[in-house]
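Reviewing the structure listed below.
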Amino acid sequence: MNERINTIAAKKLLWLAVSLVLLVNAFILSKVYWNRSEVSARLQLSERELQLPFNYGFTKEDSSARVSLHWTTPSTEPIDIDMNQWRWQYNRRLQLNSAHFSSFQFPDCAQERRLLQKRSAWVLLEFNGRSYAEYVEQAEQYHALIMGLTPATNTEWSEKELSAKRKQADDFLAAAKADNSRLFVIDAAAEREMLEAVQRHHQTIADSQLLIVPAELRAGYYRCDSKEQRTTEIIIDSLTVESLHIPKNFAQGFPQADDAKQKAKFIAEISYGRLFEPWISSLRLCAKGCE
């Protein structure tokens, strides 16, 4: 009798588990369908903004091939011979105006856990706009600065150092113009409407695009340091959706070798839906370059 009761209970638990899985899948699929039922914005991005992962996807029946959105924020570092080039490409710090910073209601500086509290937010993305143009200008200024240097001492070692510095400046300028991301986060606020007002009045240039998307951020490390004067600085941890699945029919043409995969040139249309979540709606490989 007990064995029969245990068997019935086990079957009920199994059906409950199966039903739960089906319910979760149905919820996920319905959310995807609702998001994609209306396109709110489109971006044409290339391998400059969509990074291919190493040792991941694009093989046989693997349907997990993905790319990650590569973005940065405008750099405010002074241009000098020892500046941090890496931070220009992967910057996450952003200075806000006082109204936008206050909208997050960060805890005051007296609280010990003030740095650990993240906030859901909206950020304003700018693609191929003024921020990217200024980034290229900064790279050109850095290049001109380095090319104008002379060896500190007339020795073979100092000549080699300067030669290496000049090559680094050449590579940096070339990458800024042809390889690095043109996607910048230029503003943030707790309420989407605040950024919509900025978007309406923001000066754009030809072929540039502005887009408001959800993100995760926190207050800057130095906002409570009076010497640093960064009281309205934030650090953007991530866009809410950064990893994008590549459908099989788009992934089939990618080279299989990792080194060739990283050099692949392509252009993809990224669509944003009702929930402001992106997906890849088209992707085209190019023999040399798509632009």
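Residues: numbered from 1 along the sequence shown. In this text, all values refer to a predicted model and were calculated from it rather than measured experimentally.
Looking at M194 and W122, their side chains never come closer than 4.5 Å, going by heavy atoms from C-beta outward. For the pair Q89 and T72, the minimum side-chain heavy-atom distance is 4.5 Å or more. At least one side-chain heavy atom of L43 sits less than 4.5 Å from a side-chain heavy atom of F127. When side chains are defined from C-beta on, L149 counts as touching I81, because their heavy atoms get closer than 4.5 Å. Taking 4.5 Å as the limit, every side-chain heavy atom of H201 sits out of range of all side-chain heavy atoms of V198. L217 places none of its side-chain heavy atoms less than 4.5 Å from the side chain of K118. Counting only heavy atoms from C-beta outward, the side chains of D187 and V123 never approach each other to under 4.5 Å. Side-chain contact check for L50 versus H70: every heavy-atom pair is 4.5 Å or farther apart.
Taking all atoms of both residues into account, the shortest heavy-atom contact from K165 to I146 is O-CG2, 3.6 Å. Nearest approach of S281 to S271, heavy atoms of both residues: OG-OG, 2.9 Å. Contact between Q95 and E233 at its shortest, heavy atoms only, is OE1-CB, 3.5 Å. Considering all non-hydrogen atoms of both residues, Q105 and R119 come closest at O-NH2, 3.0 Å. Looking at every heavy atom in both residues, L124 comes nearest to L195 through N-CD1, 3.7 Å. Between F184 and P74, the closest heavy-atom pair is CD2-N, 3.8 Å.
The distance from atom CZ of R93 to atom CZ of R230, rounded to the nearest 0.5 Å, is 4.5 Å. If you take NE2 on H202 and CZ on R130, they are separated by 5.0 Å, rounding to the nearest 0.5 Å. We find the CG-CD distance between L285 and E47 to be 10.0 Å, quoted to the nearest 0.5 Å. Here the CG atom belonging to L45 is positioned 6.5 Å from the CG atom belonging to L69, to the nearest 0.5 angstrom. The CD1 atom of I270 sits 4.5 Å away from the CD1 atom of I280 when rounded to the nearest 0.5 Å. We find the CD-OG1 distance between Q209 and T204 to be 10.0 Å, quoted to the nearest 0.5 Å.
With hydrogens and angles disregarded, a donor-acceptor distance shorter than 3.5 Å links the side chain of H100 to the backbone of A188. Judged purely by atom type and a 3.5 angstrom limit, S120 has no side-chain atom pairing as donor or acceptor with the backbone of E216. Between the side chain of S102 and the backbone N or O of S98, at least one donor-acceptor pair lies under 3.5 Å. Under a 3.5 Å cut-off, the side chain of Y132 and the backbone N or O of A176 do form a donor-acceptor pair.
Placement of F250 and W279 in two distinct hydrophobic clusters is found when ILVMFWY residues are connected by side-chain heavy-atom separations under 4.5 Å, directly or transitively. By the criterion of side-chain heavy atoms lying less than 4.5 angstrom apart, applied directly or through intervening Ile, Leu, Val, Met, Phe, Trp or Tyr residues, Y222 is grouped together with I235 in one hydrophobic cluster. Placement of F172 and I79 within a single hydrophobic cluster is found when ILVMFWY residues are connected by side-chain heavy-atom separations under 4.5 Å, directly or transitively. Grouping the Ile, Leu, Val, Met, Phe, Trp and Tyr side chains by contacts below 4.5 angstrom, directly or via other members, places I186 with V136. Grouping the Ile, Leu, Val, Met, Phe, Trp and Tyr side chains by contacts below 4.5 angstrom, directly or via other members, places L94 with F104.
By the 6.0 Å contact criterion, CG on D207 is open, its count of non-hydrogen atoms from other residues, nucleotides or ligands being 12 or less. Sparse packing is recorded around CD of Q203, with 12 or fewer heavy atoms of other residues, nucleotides or ligands lying under 6.0 Å away.
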Under the criterion side-chain hydrogen bond (donor to acceptor under 3.5 Å, both in side chains), I'd like the reasoning laid out for T73 against N91: C-alpha separation, chi angles, the key distance, then a yes or no. CA-CA 5 Å; T73 59; N91 194 28; 2.8 Å; yes
Show the numbers, then the answer: is there a side-chain hydrogen bond (donor to acceptor under 3.5 Å, both in side chains) between S46 and R182? CA-CA 10 Å; S46 73; R182 298 157 290 179; 3.2 Å; yes
Carefully, step by step, assess R48 and S181 under the rule side-chain hydrogen bond (donor to acceptor under 3.5 Å, both in side chains). CA-CA 5 Å; R48 298 174 66 171; S181 178; over 6 Å; no
Report the C-alpha separation of V67 and I246 in whole Å, then their side-chain angles, then the decisive distance to 0.1 Å, and conclude whether the side chain to side chain contact (heavy atoms under 4.5 Å, CB included) test is met. CA-CA 7 Å; V67 288; I246 301 179; 3.6 Å; yes
Verdict with supporting geometry, K167 and D171, salt bridge (charged side-chain N to carboxylate O under 4.0 Å, His left out): CA-CA 6 Å; K167 184 181 184 308; D171 293 343; 2.9 Å; yes
Carefully, step by step, assess D237 and R218 under the rule salt bridge (charged side-chain N to carboxylate O under 4.0 Å, His left out). CA-CA 7 Å; D237 290 309; R218 50 200 159 92; 2.8 Å; yes
Chi angles and distances behind the salt bridge (charged side-chain N to carboxylate O under 4.0 Å, His left out) call for R284, E269: CA-CA 9 Å; R284 175 170 58 90; E269 182 179 78; over 6 Å; no
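For the residue pair E126 and S131, a side-chain donor N or O sits within less than 3.5 Å of a side-chain acceptor on the partner. Side-chain contact annotation: N180 with Y135, donor-acceptor N/O pair under 3.5 Å present. Side-chain contact, S68 with Q51: no donor N or O sits under 3.5 Å from an acceptor N or O. No side-chain donor-acceptor contact under 3.5 Å links T231 and R223.
You'll find the ring centres of F101 and F106 inside the 6.0 Å limit.
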